[in-house]
Amino acid sequence: MKKILFAFLTLLSANTWAQVNDPGMGIIPAPVSVKRAKGVFAITPETSILCDSPGHKAIKYFAEYLRKNGYTNSIVDANTMTKNAAGVKNALLLLTAGNPKLAPEGYELKISDAQVVLNGKGPGLFYGVQTLIQLINADKRGYASIPCGNISDAPRFSYRGLHLDVSRHFFNVEFIKKYLDVMAMYKLNTFHWHLTDDQGWRIEIKKYPRLTQVGANRAQTKIGNMTGRNADLYDNTMYGGFYTQDEVREVVAYAAEKYITVIPEIEMPGHSSAAIAAYPLLSCDPGKNYKVAETWGVFKDVFCPSDTTFRILNDILDEVMDMFPGKYIHIGGDECPKDAWKQSDFCQNLIKREALRDENGLQSYFIQRIERHLNASGRAMIGWDEILEGGLAPNATVMSWRGEKGGIAAAQLNHDVIMTPSSAGLYLDHAQGKSRQEPLSIGGNAPLSKLYSYDPVPDVLTADQQKHIKGVQGNLWTEYIATPAKAEFMLLPRMLALAEVAWTPTAAKNYDNFSRLRIPRHLGKLEARGYNYRVPEVIGMSDTLLKGGQFKLELTPTVEGARIYYTIDGFTPRETDLWYTQPLIITVPAGREIDLQAIIITPAGKRSNITEMVLDNSGK
Ligand code: TNX
């Protein structure tokens, strides 16, 4: 055994450095507590893998992981012997029994050179398996090792959400599954599926086939940004796509296997042009000509609060509830211009008849009628923070996106809240930096560090009110994201920061450790798993001017296995340029300056932005 262990220690490949150096053992999101110990547990073909609940999703997941990664060990049901299992050597135990003190969704993982014992509560076993998998270092011989240590862990928030807009651009089921896969790897548990908007209705509704026959297709799409060089250009290409009910059920079941709840969003009363194009009688002016929107923004064609509209929407929601078994149904509620309601005699009469204050009151009436329907079916309604305007529906959960104001107000009214303020870096459609090298986006500046430093619990709330902050969510709006590669680029690595905001207690967070030690390792692994991502810029230099004549620069790549290439001749660095292997010693002659440029290129050929540093000895 000693001999094997020694072999393992020496075989630890370069890609284990983050774990070796990181007292937190390289895990994202960082666990509540990690105690690193000396040594490793070796997984060999002889290792016994035992469990006490073979049907558990975590066990199925781990068995699949073992199979996919070429391990021959099978997981043995050892329910009857778990008491004695404590004595079994070279064993990995995955248990649900044995530690009643675990917090909800919590787990405990103890790794010694003789045994690995994972103990989880409900989904906690699944999250423990995710951590375990992150710790496994596969070596080249089909063996693997796990560093020794003790981890005890549980999430800070029960709602750990990620959103995807499939209306502005459509993403197929295969991509949705890949999205769910990466969510599960990082312990996110809620997928907010933004299924309808002005630019496309993407879910089959059997009773109203025109929603997808007409509403899922737009004649063309705006090119480039709303303003700027292509402001008036369109691509002249029909665009469409939707999910059949069978596909939706397939996604919901797939997510459930990974402890992810899917929340569907059906937008109302605004962001509804696509539905109105399909069924103009949903609007206040059915005689008008409507089309599925071809550009972005906020549109004045909105649902009319008529009995016909409520009948149709209730029918739609009934089909939706049938497909989505989760507690929450999201009804949008954001950005609903009131122009059409102001012009409509019907709406003005309704305001009088119901003694509503104004059109905001009418919006509130609309949302409350929908909430009653959902509540009557045992479901809970969730909406964007505009649902506060004109009076909050009695049981609604508020998703705070226009800063934290709405969330704070809702919590003060004793309503549950999900924080997703666009101003705090949670809008994953915002640019990941200010550089002109960033691709087309909606704009903004939401670098990794900004999201990472977000704390979803506002200080102004009392301790009781703070309990209403159920969690946090990142939103991926897709006006400017037309492909899976771009969606992944915008998502990663920021989703890893989101995961840590959602899971890790503030005291265990550390951006330096996250960005320098853990991110490189995780990006390397994500690359190997076929994900696209944004390569963060080289560590050790920045876009700036330094004065002096003598420089020593130590650079570090942000992706494990990637190389840094640099130039000092003013040309754009690429793989034909100098390869950084040791600290740069640069001497700038008096009266001159040197332009140092560096880029990271990963094994798969992904490239970072170029960083440019001027080393200035001009004496000016
Ligand atoms: C605002 S967030 C919207 C979306 C856009 C997004 C772009 C929200 C409730 N509404 O319709 O896609 O900004 O960042």
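We count ligands from 1, going down the list as the structure has it; atoms in each ligand are counted the same way.
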Review point. Ring centroid separation for F170 and Y239, is it under 6.0 angstrom?
Key: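 For F170 and Y239, the ring centres are not under 6.0 Å apart.
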Point to revise | Centroid-centroid under 6.0 Å between H192 and H330 rings | key: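 Aromatic pair counts; centres sit under 6.0 Å.
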**Study point:** Per-ligand residue contacts, ligand 1, heavy-atom threshold under 4.0 Å
**Key:**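 Residue list for ligand 1: R168, H271, D334, E335, W384, W401, Y427, D429, I442, W477, E479.
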Exercise for review: Locate the shortest heavy-atom distance separating E479 from H169; write the atom from each residue and the value.
Suggested key: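 For E479 versus H169, the nearest heavy atoms are O-CE1, 3.2 Å.
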Check your understanding: CE of M490 to NZ of K486: how many Å apart, nearest 0.5 Å?
Key ->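 Output value for this atom pair is 6.5 Å.
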Review point. Any chance the side chains of D235 and Q220 put a donor and an acceptor closer than 3.5 Å?
Key: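 Q220 and D235 do not have a side-chain donor-acceptor pair below 3.5 Å.
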**Study point:** Q473 versus H163, side-chain donor and acceptor atoms under 3.5 Å
**Key:**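 Not at all, the side chains of H163 and Q473 share no donor-acceptor pair under 3.5 Å.
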